Amino acid sequence: MKIVILDGYSANPGDLSWKPLMKIGELTVYDRTRPEETVERAKDADIVLTNKVCLHRQEIDQLPQLKYIGVLATGYNVVDVDAANEHGIVVTNVPAYSTMSVAQMVFAHLLTVTNRTEHYAMQNREGRWAASPDFCYWDTDLTELAGKTMGIVGLGNIGSRVAEIADAFGMNVVALTSKEASEIPFYVEKRTLTELLKESDVVSLHCPLDAGTRYMINRQTLRSMKPSAILVNTGRGPLVNEQDVADALRESRLRAYCADVLSEEPPRAECLADGRLQNKNPLLECEHAFITPHIAWATKEARMRLIEVAINNVKAFVDNRPQNVVS
């Protein structure tokens, strides 16, 4: 049995191990695979694991040997599941492995804005505090979270964990969720989107990306938010209209935008005549946009869980008892 990992580097840049898969079959690991390389590299494989390399109908139709696709992530939009089903190919994912890490990143971003610890640490490496005439100084707004309102859009695994942490900080928690009131914690109050945006000091996005949520944060909905509000997006880039958010930041209609995701990843840039790169994404030029490169999921602990579950998924498939199957 031949096993191919098409893009193993992001989940395992060398600090973890794929060795358990070697006991199942002949293993080939590619750090990265370009779209035009996908079919050639997977053509003899019985099992393919992929993180972000797409397996659309065009590729799947050219892989008659393929029996199993394991997605090294929770989201599986990189695979045409209908095409896989038509070919009798089992598709699995790895659910909930990064819940704790992503929720942690939400508050890492939020505290970046409210406390600016890195800002002050960098200044003080350059002697700013040493030159201060007073025992302390600050040149940014400092904000206490207790008593503020956290609005959570989507109350799944990650959204629920964010709610727990927000409650521990002493925040009031409101949420847009399809769950009944009896299904959510006592400290969470249900709201419509309009109500949530109007009330919240912090809005954190944790809903799936679909036709109903694409660009749910746009010029119109941003006008419902407080100018002092902080918007956090660790869900999907296209949940927001990035140009509208950039405009709101520049016009002081939004205090800050914190995101670990963009609509295009990596973001595009063009090389100027002097050799400098100019970002094409408007958010990357905004002073009050804090963008991290899709790393909320990438703690070592989360990646260990990811690989462990992915390997167990393969083992279960080989034992004819597939688990975490998506359809």
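Every value quoted in this text rests on a predicted model; they were computed, and no experiment measured them.
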Atom pairs and distances, side-chain donor-acceptor, residues 130-137, under 3.5 Å, sequence neighbours left out:
| from | atom 1 | to | atom 2 | distance (Å) |
| --- | --- | --- | --- | --- |
| Ser132 | OG | Asp134 | N | 3.1 |
| Ser132 | OG | Asp134 | O | 3.0 |
| Tyr137 | OH | Gln123 | OE1 | 2.6 |
| Tyr137 | OH | Asn124 | OD1 | 2.9 |

Are the side chain of [X] and the backbone of [Y] linked by a donor-acceptor contact shorter than 3.5 Å?
X: Asn93; Y: Gly75; answer: no
X: Thr192; Y: Glu195; answer: yes
X: Thr50; Y: Val53; answer: yes
X: Thr213; Y: Met216; answer: no
X: Asp7; Y: Asn51; answer: yes
X: Asp319; Y: Arg321; answer: no
X: Thr33; Y: Leu6; answer: yes
X: Glu242; Y: Ser263; answer: yes
X: Asn218; Y: Tyr215; answer: yes
X: Lys148; Y: Glu144; answer: yes

Looking at side-chain heavy atoms only, is the closest gap between [X] and [Y] below 4.5 Å?
X: His288; Y: Arg255; result: no
X: Arg191; Y: Ser200; result: no
X: Arg253; Y: Arg219; result: yes
X: Thr112; Y: Cys258; result: no
X: Ile5; Y: Leu72; result: yes
X: Leu205; Y: Val240; result: yes
X: Val153; Y: Ile217; result: no
X: Glu164; Y: Val173; result: no

Do any pairs count as a side-chain hydrogen bond (donor to acceptor under 3.5 Å, both in side chains) and have a residue in [range], sequence neighbours left out, and if so which ones?
range: residues 225-236; answer: Asp201-Lys226, Asn233-Tyr257
range: residues 170-179; answer: none
range: residues 301-313; answer: Asp15-Arg303, Asn313-Gln323, Asn313-Asn324

Could you give the distance from NZ (Lys198) to CG (Leu193), rounded to the nearest 0.5 Å?
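Answer for the NZ-CG pair, Lys198 versus Leu193, is 13.5 Å.
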Measure the spacing between OG1 of Thr143 and CZ of Arg116 and express it to the nearest 0.5 Å.
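It comes to 11.0 Å.
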What are the two closest non-hydrogen atoms of [X] and [Y], and how far apart are they?
X: Val90; Y: Pro322; answer: CG1-CB, 4.3 Å
X: Ser17; Y: Ile311; answer: O-CD1, 4.4 Å
X: Leu249; Y: Cys286; answer: CD1-CB, 4.0 Å
X: Trp297; Y: Ala302; answer: O-CB, 3.2 Å
X: Ala11; Y: Leu306; answer: CB-CD2, 3.8 Å
X: Ser204; Y: Val106; answer: OG-CG1, 3.6 Å

For Asp139 and Tyr120, what are the C-alpha separation, side-chain angles and deciding distance, and is it a side chain to side chain contact (heavy atoms under 4.5 Å, CB included)?
CA-CA 9 Å; Asp139 55 12; Tyr120 290 107; 3.5 Å; yes
Show the numbers, then the answer: is there a side-chain hydrogen bond (donor to acceptor under 3.5 Å, both in side chains) between Glu264 and Asn281?
CA-CA 9 Å; Glu264 184 178 9; Asn281 188 304; over 6 Å; no
Checking Tyr97 against Val309 for the side chain to side chain contact (heavy atoms under 4.5 Å, CB included) test, could you report, in this order, the C-alpha distance in whole Å, the side-chain angles of both residues, the deciding distance, and whether it holds?
CA-CA 8 Å; Tyr97 73 94; Val309 174; 5.6 Å; no
If you draw a 6.0 Å radius around [atom1] in [X], do more than 12 non-hydrogen atoms from other residues or ligands fall strictly inside?
X: Glu118; atom1: CD; answer: no
X: Arg128; atom1: CZ; answer: yes
X: Glu36; atom1: CD; answer: yes
X: Gln220; atom1: CD; answer: no
X: Glu37; atom1: CD; answer: yes

When hydrophobic residues are tied together by side-chain contacts of less than 4.5 Å, even through go-betweens, does [X] share a cluster with [Y]?
X: Val4; Y: Ile60; answer: yes
X: Ile3; Y: Tyr30; answer: no
X: Val232; Y: Leu239; answer: no
X: Ile184; Y: Tyr187; answer: yes
X: Leu110; Y: Val188; answer: yes

All N/O donor-acceptor pairs, side-chain side in residues 77-84, below 3.5 Å, sequence neighbours left out:
| from | atom 1 | to | atom 2 | distance (Å) |
| --- | --- | --- | --- | --- |
| Asp80 | OD1 | Asp82 | N | 3.2 |
| Asp80 | OD1 | Ala83 | N | 2.9 |

Could you check Lys67 against Phe317 for side chain to side chain contact (heavy atoms under 4.5 Å, CB included), going step by step and ending with a plain yes or no?
CA-CA 10 Å; Lys67 302 177 181 66; Phe317 168 74; 4.0 Å; yes
What verdict does the side chain to side chain contact (heavy atoms under 4.5 Å, CB included) test give for Lys2 and Thr28, after you've listed the backbone C-alpha separation in whole Å, the side-chain angles of each residue and the deciding distance to 0.1 Å?
CA-CA 8 Å; Lys2 294 187 176 182; Thr28 302; over 6 Å; no
Taking Leu254 as the fixed residue, which of Val203, Ile230, Asp244, Leu231 is the one that meets the side chain to side chain contact (heavy atoms under 4.5 Å, CB included) rule?
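Of Val203, Ile230, Asp244, Leu231, side chain to side chain contact (heavy atoms under 4.5 Å, CB included) with Leu254 is met by Leu231 alone.
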Going by distance alone, is a donor N or O of one side chain under 3.5 Å from an acceptor N or O of the other, for His206 and Asn157?
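There is no such pair (donor and acceptor under 3.5 Å, judged by atom type) between the side chains of His206 and Asn157.
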Do the side-chain N and O atoms of Thr92 and Tyr68 include a donor-acceptor pair separated by under 3.5 angstrom?
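Yes, side-chain donor-acceptor contact under 3.5 Å.
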In chain order, what residues pass the salt bridge (charged side-chain N to carboxylate O under 4.0 Å, His left out) check against Lys43, with sequence neighbours excluded?
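With sequence neighbours excluded, Lys43 shows a salt bridge (charged side-chain N to carboxylate O under 4.0 Å, His left out) to Glu40, given in chain and number order.
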Verdict with reasoning, Thr149 to Glu199, per side-chain hydrogen bond (donor to acceptor under 3.5 Å, both in side chains)
CA-CA 7 Å; Thr149 297; Glu199 294 178 28; 5.7 Å; no
